[in-house]
Every structure is written in C-alpha cells, then in structure tokens.
There are 2 protein chains.
Amino acid sequence: MTAHPELTRNQTLVLKALDRAEGPLSAYGILDRLRDDGFRAPLQVYRALEKLQQFGLVHRLESINAFVACCQPHGHRHETIAFAICSHCGRVDEFSDAAVEERLNEWVRAHRFKPAKTTIEISGECADCTARGAG
Amino acid sequence: MTAHPELTRNQTLVLKALDRAEGPLSAYGILDRLRDDGFRAPLQVYRALEKLQQFGLVHRLESINAFVACCQPHGHRHETIAFAICSHCGRVDEFSDAAVEERLNEWVRAHRFKPAKTTIEISGECADCTARGAG
DNA sequence: CGTCTGAATGTTATGACATTACATGTCGAT
DNA sequence: ATCGACATGTAATGTCATAACATTCAGACG
C-alpha cells in the first residue's frame with residue numbers, strides 16, 4: 001500500500017523541488033525552478049503532480065492553489081489530513097486527528113454521501129510569526 | 001451580530017443570482033447571469049462577493065473555486081462550517097459539528113496558531129447520484 | 001447651498017492558475 | 001518487429017482573480 005512504482009524523471013524533479021522548498025509552491029513556481037532541467041510547459045509540472053498526489057507523496061492546498069511535499073510519506077495512509085497554513089511566512093503544518101475524521105465519517109454515513117476527497121485547511125498566523133509581531 | 005447594513009444594488013443582484021442557482025456558481029458564472037442587469041466586468045462580482053462573505057451571507061468553496069448562498073444566514077454565527085460537495089450534480093450540503101470544531105481548536109491552541117479561516121470540504125457523490133448510478 | 005469625504009461603482013488591462021488537443025518518444029510483452 | 005500502455009513535449013486556450021485608475025453617489029458639516 002505504501003509502495004509505489006519508481007518515479008519517472010519528471011516526477012522526481014518535481015518532488016525534489018518541493019522538498020527543497022520547505023514551503024508550498026505553486027505549479028508555476030515549480031516550473032520556474034525546473035527551467036534549467038528542461039521544463040518548458042505547465043503541463044509537465046501538473047502531470048507529475050497528479051501522479052505524486054496519487055502516490056501520497058504530495059498534497060495540494062486548495063485554499064492557496066499550491067502544493068507541498070508530504071512530511072510523513074508513510075506515517076499516515078489515506079487518512080484525512082489537516083493543514084495549518086501560515087499566511088505570513090508560508091509555513092505549513094500537517095496533522096491528522098482521528099476524532100475529526102470519525103465525526104466527518106459519521107455525517108457522511110448518515111447522509112449516504114460517498115466521499116472522494118476531504119480538505120481541511122486552517123489559514124492564519126503561526127506561533128513564530130505572531131511572536132515576532134507580524135503585520 | 002447577525003445584523004448587517006442594507007445591501008447595495010450590486011450585492012443584492014449577486015446574492016439573488018446565487019439564491020436562484022441552488023448550487024455553486026463561479027464568479028464568472030455569476031457575471032454571465034447578470035449581463036442583463038448591466039454587469040460588465042469580473043470586479044463587480046468579486047467586490048460584491050467580498051462583502052457578502054463578510055456579512056456571512058455567502059460562502060466560498062475553495063476546492064472548486066465557486067460560491068454559494070449561505071443556507072442558514074442566521075443559524076450559525078461564525079462557527080466552522082463544513083461542506084459536502086457532490087461532484088456529479090453540484091449539490092452542496094452545509095453543516096457544522098461542534099466536536100470537529102473543538103478538536104481543531106485544540107490543535108490550534110496547542111500550537112499557538114492564530115486561525116483566520118477554516119476550510120472543511122468533502123467532495124464526492126451525494127446519495128441521490130449514487131442511487132441512480134452516476135458516472 | 002457648497003464642498004468634503006468615504007464608500008461603491010465602472011472600465012481596461014493584466015496576472016495567476018489549469019486544461020485541451022495533438023504529436024512524439026520509450027519500453028516491455030508477445 | 002510491432003503492438004500497446006504510459007510518459008513526454010509543445011502550442012494554444014480556457015478559467016479564475018486582482019491592479020490601477022477614473023467616476024459617481026450619499027451623507028456630514030460649515
């Protein structure tokens with residue numbers, strides 16, 4: 001389940017770009033960082049991102065149209081994952097909470113809703129930025 | 001708290017368009033429906049939407065870049081609201097769960113994160129669409 | 001009354017994010 | 001060898017959102 005096929009060249013490059021960034025990147029941000037590796041078009045990035053998301057190696061942050069490398073590639077399986085996104089420094093914390101997941105599952109069961117993807121994102125200001133008095 | 005100033009003409013038109021739609025609309029979808037009312041540019045829509053969101057009359061669905069009229073304008077205050085979005089018929093169900101909110105608040109407190117906005121969206125297929133065997 | 005001011009509006013242009021469509025390449029299985 | 005599945009390259013286009021600037025409207029105040 002946690003196993004996935006060898007990554008292709010493009011997928012590897014995109015994942016490395018996200019790993020190095022330590023923060024979310026937009027698809028076009030990734031593209032810019034991979035110009036020297038021969039990337040020319042957005043689709044090269046989007047296609048790699050699609051696969052990486054399927055493998056669980058990358059997450060998409062819906063609220064900011066950006067992507068991050070998964071911080072615990074094998075720590076959680078296909079659980080519901082929540083993100084805390086600092087709008088000041090861009091830092092993203094990833095966590096999961098069984099109780100939250102269970103409550104959402106209850107609603108879904110009660111309403112016979114067939115979930116495909118669950119998004120939980122908290123945007124705000126992280127402790128560090130608050131401490132140093134961010135604008 | 002639930003009171004808000006009189007809506008302007010543009011705000012009223014945008015809200016009515018969303019009410020009539022019974023489903024999420026993109027900003028450009030709203031624009032198209034308001035051509036006959038004199039709307040010409042996206043900004044007219046976005047400006048109205050911004051205010052309506054502040055008043056709590058409209059929600060933005062981050063995962064599909066669309067907007068819906070709030071189904072219970074005064075039922076919940078500024079609670080965390082969750083959405084179940086059917087990707088087949090577009091239906092959106094809005095709900096809130098105190099336990100979910102409490103668990104997220106606990107994480108936030110523990111990490112001294114100052115939340116600004118919380119997004120919870122479950123995309124998938126609603127009961128009706130599943131029943132009639134949607135593609 | 002005149003005018004000052006803040007909010008809303010109108011308009012053009014541009015920026016940012018994502019996909020369609022089609023051609024080409026790569027590699028293993030038969 | 002050639003077939004099929006998948007990955008890739010490229011151009012064009014579609015979709016979502018905001019910047020910058022001019023104008024209009026309604027109320028406060030002398």
Side-chain angles (χ1 to χ4, degrees), chain A residues 3-18 21 23-55 57-68 85 87 90 92 117 119 121 123, chain B residues 3-18 21 23-55 57-68 85 87 90 92 117 119 121 123:
Chain A
H4 45 261
E6 295 299 316
L7 298 181
T8 67
R9 168 183 154 82
N10 283 5
Q11 289 160 15
T12 304
L13 286 169
V14 167
L15 185 56
K16 277 187 186 171
L18 283 174
L25 289 180
S26 73
Y28 280 72
I30 296 169
L31 176 57
D32 285 341
R33 293 173 186 229
L34 295 178
R35 297 275 182 201
D36 293 343
D37 294 293
F39 274 51
R40 308 291 306 276
L43 216 56
Q44 296 173 289
V45 176
Y46 283 110
R47 284 200 277 232
L49 285 172
E50 185 179 12
K51 291 296 182 186
L52 291 170
Q53 287 178 261
Q54 286 171 13
F55 299 153
L57 299 173
V58 162
H59 299 296
R60 177 193 173 84
L61 301 176
E62 305 285 355
S63 62
I64 58 173
N65 295 324
F67 303 83
V68 285
I85 306 164
S87 53
V92 174
K117 192 195 174 190
T119 298
E121 295 175 18
S123 64
Chain B
H4 45 260
E6 294 299 315
L7 297 181
T8 66
R9 168 184 154 83
N10 283 6
Q11 289 160 15
T12 303
L13 287 168
V14 168
L15 185 55
K16 277 188 185 171
L18 284 173
L25 289 180
S26 72
Y28 279 73
I30 296 169
L31 176 58
D32 286 340
R33 293 173 186 229
L34 294 179
R35 297 274 182 201
D36 293 342
D37 295 293
F39 273 52
R40 307 291 308 276
L43 219 55
Q44 297 174 286
V45 177
Y46 282 109
R47 286 200 275 231
L49 285 171
E50 186 179 11
K51 290 296 180 183
L52 291 169
Q53 287 178 261
Q54 287 171 12
F55 299 153
L57 298 174
V58 162
H59 300 296
R60 176 192 173 86
L61 301 175
E62 304 285 356
S63 63
I64 58 173
N65 295 326
F67 303 84
V68 285
I85 305 165
S87 52
V92 174
K117 192 194 173 191
T119 298
E121 295 175 19
S123 64

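Chain A is the first sequence line, chain B the second, and so forth, proteins listed ahead of strands; every chain is numbered from 1.
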Give a yes/no answer on whether the side chain of A:Asn65 brings an N or O atom under 4.0 Å of OP1 or OP2 in C:dA16. no
For the OH atom of B:Tyr28 and the CG atom of B:Leu31, what is their distance to the nearest 0.5 Å? 7.5 Å
In Å, rounded to the nearest 0.5 Å, how long is the span from CG of B:Leu13 to CG of B:Leu34? 5.5 Å
If you look at every heavy atom in A:Val45 and A:Ala27, which pair is closest and at what distance? CG1-O, 3.6 Å
Whole-Å distance, B:Leu31 CG to D:dC16 C1', equals 12 Å
In sequence, state the C-alpha distance, the side-chain angles, and the governing distance for B:Phe67 and B:Val14, and then conclude on side-chain contact (heavy atoms from CB on, under 4.5 Å). CA-CA 10 Å; B:Phe67 303 84; B:Val14 168; over 6 Å; no
CD-NZ distance between B:Glu62 and B:Lys117, expressed to the nearest 0.5 angstrom: 4.0 Å
Toward the 5' end of DNA chain C, by each residue's nearest nucleotide, B:Phe39 or A:Ala27: B:Phe39
N/O contacts under 3.5 Å, protein versus nucleotides 12-14 of chain C?
none

Check the distance between D:dA7's C1' and A:Glu6's CD and give it to me in whole angstrom. 15 Å
Axis bend over the full length of the helix from C:dC1-D:dG30 to C:dT30-D:dA1, computed from five pairs that close each end, to 10 degrees: 10°
A:Gln44 side-chain N/O to A:Asn10 backbone N/O, donor-acceptor pair under 3.5 Å: no
Grab the CG-C1' distance between A:Asp37 and D:dG9 for me, whole Å please. 15 Å
Decide if atom NZ of B:Lys16 counts as having more than 12 heavy atoms of other residues, nucleotides or ligands within a radius under 6.0 Å. no
Atom-pair distance (CG on A:Leu49; C1' on C:dT19), nearest Å: 14 Å
Roughly, in whole Å, what's the span from CD in A:Glu62 to P in D:dA17? 12 Å
Taking it one step at a time, do B:Leu52 and B:Leu7 satisfy side-chain contact (heavy atoms from CB on, under 4.5 Å)? CA-CA 9 Å; B:Leu52 291 169; B:Leu7 297 181; 4.1 Å; yes
Nearest non-hydrogen partners of B:Leu25 and B:Ala17, listed with the distance: CD1-O, 3.9 Å
From CG (A:Leu18) to CG (A:Leu57), nearest 0.5 Å: 10.5 Å
Euclidean distance, B:Leu49 CG relative to B:Leu43 CG, rounded to 0.5 Å: 10.5 Å
Rounded to whole Å, how long is the line connecting atom CD1 of B:Ile30 with atom C1' of D:dT15? 14 Å
Below 3.5 Å between N/O atoms, which protein atoms pair up with nucleotides 7-9 of chain C? Just atom names and distances, please.
residue	atom	partner	partner atom	Å
C:dT9	OP1	B:Thr8	OG1	2.8
C:dT9	OP1	B:Asn10	N	3.4

Rounded to the nearest angstrom, tell me the gap between atom OH in B:Tyr46 and atom P in D:dA20. 18 Å
Please state how far atom CG in A:Asp32 lies from atom P in C:dC17, giving the value in whole angstrom units. 10 Å
